[in-house]
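Structure record follows, encoded as C-alpha cells.
In what follows, every chain begins at residue 1, and chains take the letters A, B, ... in the order their sequences are listed.
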Amino acid sequence: MAYDFSAIEPKWRRIWEERGAFCASRDERLPKFYCLEMFPYPSGALHMGHLRNYSIGDLTARFLRMNGYNVIYPIGFDSFGMPAENAAIKMKTHPAEWTTRNIDHMIEQLKSMGCSYDWKRVVKTCMPDYYRWSQWFFLQMYKRGLAYRKHAPVNWCEACGTVLANEQVIGDGVCWRCDTPVVKKGLEQWFLRITDYAGELLDCLDELNGWPERVLTMQRNWIGRSEGVRFDIAVADSGLSIEAFTTRIDTIFGMTFVSIAAEHPLVSELAERMAPDKRAEVLEFASRMASRSAIDRTASGGDKMGIDTGFEAINPANGRRVPIWIADYILMDYGTGAIMGVPAHDQRDFDFARKFGLGIIPVVRSEDAPIPDPGAMSRATEADGVSCNSGPFDGLPTEKAIEKIGEWFEERGWGKRETQYRLRDWLISRQRYWGTPIPVVYCDRCGIVPVPEELLPVELPLDAVIPPNGGNALLGCPDWVNTVCPNCGAPARRETDTMDTFICSSWYFFRYLSPGLDSGPFSRSGADYWMPVDLYIGGIEHACLHLIYARFFTKVISDLGLTAPDLREPFTGLLTQGMVIKDGAKMSKSLGNVVDPDEIIKKYGADTARLFILFASPPDRSLDWSDKGVEGAHRFLGRVCRLVEENLTELSSASVERVPMDKLAGAEVRGLKRLIHSTVDRVTRDIRDERQLNTAVARLMELCNGLAAFSHKGGDGAAVFREGVEALLLCLCPFCPHISEELWQMLGHGELLSLSKWPEADGSALSVDSVTVVLQVNGKLREQYSVPSGLSRDELIERVMSEEATRKRVEGMEIVKVIAVPDKLVNVVAR
RNA sequence: GCGAAGGUGGUGGAAACGGUAGACACGCAUGCCUCAGGAGCAUGUGCUCGCAAGGGCAUGGGGGUUCAAGUCCCCCCCUUCGCACCA
C-alpha cells in the first residue's frame, strides 16, 4: 500500500477539528506557553515564507503540548493596508471584498498545512469589533498626551500617496513597501510619543535574553542614545541665539566655528539681515542642500559643503567670537540641527575646517605628550586624554572634564545636561482609505475634538469608491466626513486620515486572549494568565518596525493599568526565521523562482512540505529550496509508512511492555534499545534547547534506518521493535502530524497521538557495551580498536598498548608520553 | 566607517567539553528487482598518490597555543545583513 497522503491528511484534520483538540483554555495545573507567529497580511495566497514560519510555529506548539504545557497557538489577519486598495482599483472591486475573499482562501490554505491553531480565536484587524479598540487606544493616548498633532517635515511616498514613519523609510531612503524614494514634505500630522519610552525601550533590551543578538543590536542602533549638554550660543550683535547639543562639552574651548543645518529656521532669520547679494547666495545654497535626497547626500562621499553666513557666534565658555556656517553635514532631524565645530577633536569638523581654512585649537592632549601643533595634525584626535587650552579645566581627564564643564554650564544657566535619542516620534497618519479611521473631529469652534469612547467605533464607510488615481477615498464621502461636533453640536469634519496599519499589529496578540470581547480590548485575566508571548516567530525585516511598535504599545497598555504593572515586554522569546532562497536568490515573482506552497502540498502533501522545510536548514538561517530535497523528504515518509505496514503483524502481536536494558540480551536488540533512547534524548534536546530542527529530523531518519535494518523481531526483540516504532511516531508527530496519527492508529491506539505524552529517554538505556577508540601517534590517526566501554585511563592505555598493531606502529620509536581519553582515544607522543 | 551573522565535499548541511571532520539528506556511480519506471532495495562516494597494502593533503588565508584545533588566541581576506556625516 502506498503512502496516500491525500486521503490521510484531510481525515486527520477533520478528526482534530471535531474533537476540538487544539482549543486553548486556562488550566492552572499546567505551565502555560504562548506560541505566536507574525500574522499574515491577506495578500491572496500563502508563500513559502509563510509555510516556513508556520511549520516552525506548529512544530513548537505541538512539541510543547506533548510535553505537558498548556499551549495557546492562535492565528489572525493583519487585514488593513494599501495592497487592498490597489487591487480594488485593478480588479474593480472593493478592498473589503478583496480582503475577505483572500482571508477565506488563506484560511483554507492554513488548514491544509495541518497547523494546530485554535480556530476559535481568529482575529481580523479590519473588522469594526477589532479596530474599535485600536481607536480606543488612540483616545487613551490622546488623553495622556501620547497622541498629538503637529506640523513637521515628514516622509512622503509619492507612489503610495501617503506619509510614512521613520521606521518605514528603509535602505537609501526608500519606501519599505514599494521602494520609491521618499521625499520630505511639511504637513500637519498625528504622532505617537514613542520617544517618551525611548529610554525604557532601550534599557529593557538588556533583559530580552530570548532574543537574537542581531535584533537587539538593530534596535539599539535604531533607538540610539547619547548623553550630552544642550546649550545656547549667542549670535553676536543680533539678539538671536543658536541651540546646540554636544556629547563632548569638554572640548568647548576648542570651538572654532558653529555650523547649522540648511533646513534650520535660523537660516531665514539670518538671511533677512544680510545684504541682498549675500542673502541670495546663502538662500540658494541652503535650498540646494535641503532639497538633496538621502541618496545624493551619501553619494557625495563625505565631501563636505558649506557657506559662511558672515555672522559670528560667541562661545559661552570664553566669549570668543567664531564664524557661523551653514553645512550640509549637519542634520536638522538630529539633536538641535546645530553644532559647535571643534575640528581638533571631531573628524567631520576637521575635514570641514581644512576645506574652508577654519582654525583648529587642540584642547585635549594625550597624557604623556605635549599639545599638538594644529598645523601638523593630519586628523582629529577623538580619543580621550587630558584637557588643555581650557582655562580652569586644564589637566582634567576627559571623563572628569565632561562632568565638570557640564556642571559649570548648568550652574551658570548656559545649558542643561540631557539625553538625546535617535528615535523619532511615530508618525501614524496615513492618507489612505483602507485603514482604521482616526477617531477625531475638527470643529471650527472647538478645534480638535476626540470622538467620545461611547461613539466608537468610527466605522469606515463601506460605500466609498476608490479613486482610480490612488487618492484617499474618504475624501469622496461627504456624508461621512461632514458630521457634528460631539462637543457643541455645530457642523464639523471628520479626520480623513487613517492609522498606520502597524497600529493594528501592535496589540493583536492581546486580542487573541479574549477575541470578540465587547467590554474592552482584551480581558485582564486572560492577559494575566497567557502573557507574555513565550515564543514569537517571524521575519527579521520587522526588527525595527513592528517589534519596536509592539513593545511600545505593551508598555503603554501596562501604564494604562490594563495589565499587570510588571508586564513591560510582550515577547520574551523571539525566533527570526531566515529567508527562503531558490537558485541563490530570494523567491520573488520578478525573478520567476517562486514555488507555490499549494502545488507542493497537492503533489506531496503537507507533511512532506513541512518535513523538508524543517530538515533543509536550521530555522534562523536561510533555506535553499530544492525540489530534489522535497522528494527525499517524501521518500522518507514512504519508508516510515512501509516500516509500519510491512511489519504490522509483528507489531500488533508484540508485547507493549517496556523491557528494561538490563533484561535484554543480544547485541542487536541492545543496540536498537540504545538507538531508540539516544534518539529520543537527542531529538528532545535539539528541539527544546537548541532549536536545531534539522538535526532532530536527521536523528529520526537514523532511527528509522535502524528499525528497518532490525531483524530480531520475536519475543523481547518484537517488544523493543514496537517501542522503537512508537518512539519514532511520537517524535515525528510535531513535524508530520497527519501520517504520524494515521500510523499510530494503525498500531491500535485509540487516543490522539497529537495529545499523547512525549517520550522520555531512559538513561539506563543510553549506556553502550563497547566503543571504538582510536590510536593516534603524534596526533595522527593510526588504528581503531573496539574495546569495552568505561575503561579507566590506565586500563585503556594498557589495553591499547598491548595490541599488536600498536606495537608495529611505535616500533623503533622512543615513547615520550601517552595520553588517554576514556572511551575516545589514546595518543602516543614518540620520536 | 560602526555593528551583527557567516565562510566546512559536487549540493543543503552535521560535529555539547579542543579528542575518529563530513552525521543526515540531495546528487552521482555500480549492482539487484522489474515489461517498464521520475518506484523500491543493496553497496560505494572529501581530494590525492598507489594494482593493493598503505601514505599524503584537507574546514576562506597566514601565524600561534596544545600531545591533539573546524572548535581557543593574534593578523588578514571574502560574503550577507543592519546602521551610517548621530554632533
Side-chain angles (χ1 to χ4, degrees), chain A residues 2 170-172 212-222 224-226 228-230 244-249 251 259 261 294 297-298 300-304 327-331 333-342 345-349 351-352 420-422 540-541 543-544 578-579 581 611-612 615-618 620-633 635-636 638-639 642 682 685 689-690 692 694-702 704-705 708 772-784 816-830:
Chain A
I170 58 164
D172 291 330
E213 199 51 45
R214 191 148 77 109
V215 177
L216 295 175
T217 332
M218 281 167 74
Q219 290 213 358
R220 285 192 185 107
N221 281 342
W222 187 260
R225 167 155 56 198
S226 48
V229 176
R230 182 192 280 262
F245 178 80
T246 181
T247 54
R248 290 294 304 271
I249 194 69
T251 63
S259 275
R297 284 194 173 207
T298 330
S300 66
D303 183 34
K304 299 181 174 34
D328 68 334
Y329 73 99
I330 310 305
L331 310 171
D333 51 12
Y334 190 78
T336 60
I339 58 126
M340 61 175 199
V342 185
H345 305 293
D346 182 289
Q347 190 57 40
R348 295 154 303 172
D349 295 349
D351 294 342
F352 193 73
Q420 281 274 336
Y421 293 93
R422 192 184 160 284
I540 191 144
E541 66 273 15
C544 287
M579 285 188 302
I581 303 282
L611 185 69
F612 167 71
F615 176 56
S617 176
D620 54 352
R621 274 209 250 167
S622 66
L623 176 140
D624 246 38
W625 188 267
S626 149
D627 294 333
K628 293 285 187 186
V630 177
E631 284 182 27
R635 271 203 294 273
F636 168 69
R639 278 200 298 277
R642 283 196 302 279
R682 282 299 305 266
R685 287 193 347 239
D689 306 335
E690 315 286 338
Q692 286 258 52
N694 55 330
T695 52
V697 174
R699 302 297 156 214
L700 294 179
M701 288 174 168
E702 280 176 299
C704 179
N705 293 344
T772 304
V773 296
V774 299
L775 169 73
Q776 294 181 343
V777 176
N778 292 328
K780 279 194 192 297
L781 176 71
R782 289 304 180 218
E783 300 291 339
Q784 305 192 1
V816 181
K817 199 166 155 190
V818 179
I819 289 133
V821 181
D823 290 345
K824 284 258 154 68
L825 58 82
V826 171
N827 187 14
V828 179
V829 186

Just to be sure I understand the rule, does Arg220(A) reach a base, reach only the sugar-phosphate, or reach nothing, if contact means heavy atoms closer than 4.0 Å? nothing
Under a 3.5 Å cutoff, is there a donor and acceptor pairing between the side chains of Tyr421(A) and Arg225(A)? yes
Are Arg621(A) and U80(B) close enough that a side-chain N or O sits under 4.0 Å from OP1 or OP2? no
How long is the line joining CG of Asp620(A) and C1' of G13(B), in whole Å? 13 Å
Within this structure, what is the CG-to-P distance between Asp349(A) and C86(B), rounded to whole angstrom? 10 Å
What is the nucleic acid contact for Pro618(A), judged by heavy atoms within less than 4.0 Å: base, sugar-phosphate only, or nothing? sugar-phosphate
Can a side chain N or O of Ser226(A) be found less than 4.0 Å away from OP1 or OP2 on A87(B)? yes
Considering every strand and a 4.0 Å limit on heavy-atom distances, what is the contact class for Arg782(A): base, sugar-phosphate, or nothing? sugar-phosphate
Please identify each residue that fulfils side-chain contact (heavy atoms from CB on, under 4.5 Å) with Ile581(A), with sequence neighbours left out. Met579(A), Ser622(A), Asp624(A)
Is there a donor in the side chain of Asp303(A) and an acceptor in the side chain of Tyr329(A), or the other way round, less than 3.5 Å apart? no
For nucleotides 20-26 of chain B, 5' to 3', base contacts (B), sugar-phosphate-only contacts (S) and non-contacts (-) with protein non-hydrogen atoms under 4.0 Å give B--BBSS
Can you tell me if the side-chain N/O atoms of Arg422(A) get under 4.0 Å from OP1 or OP2 in A84(B)? yes
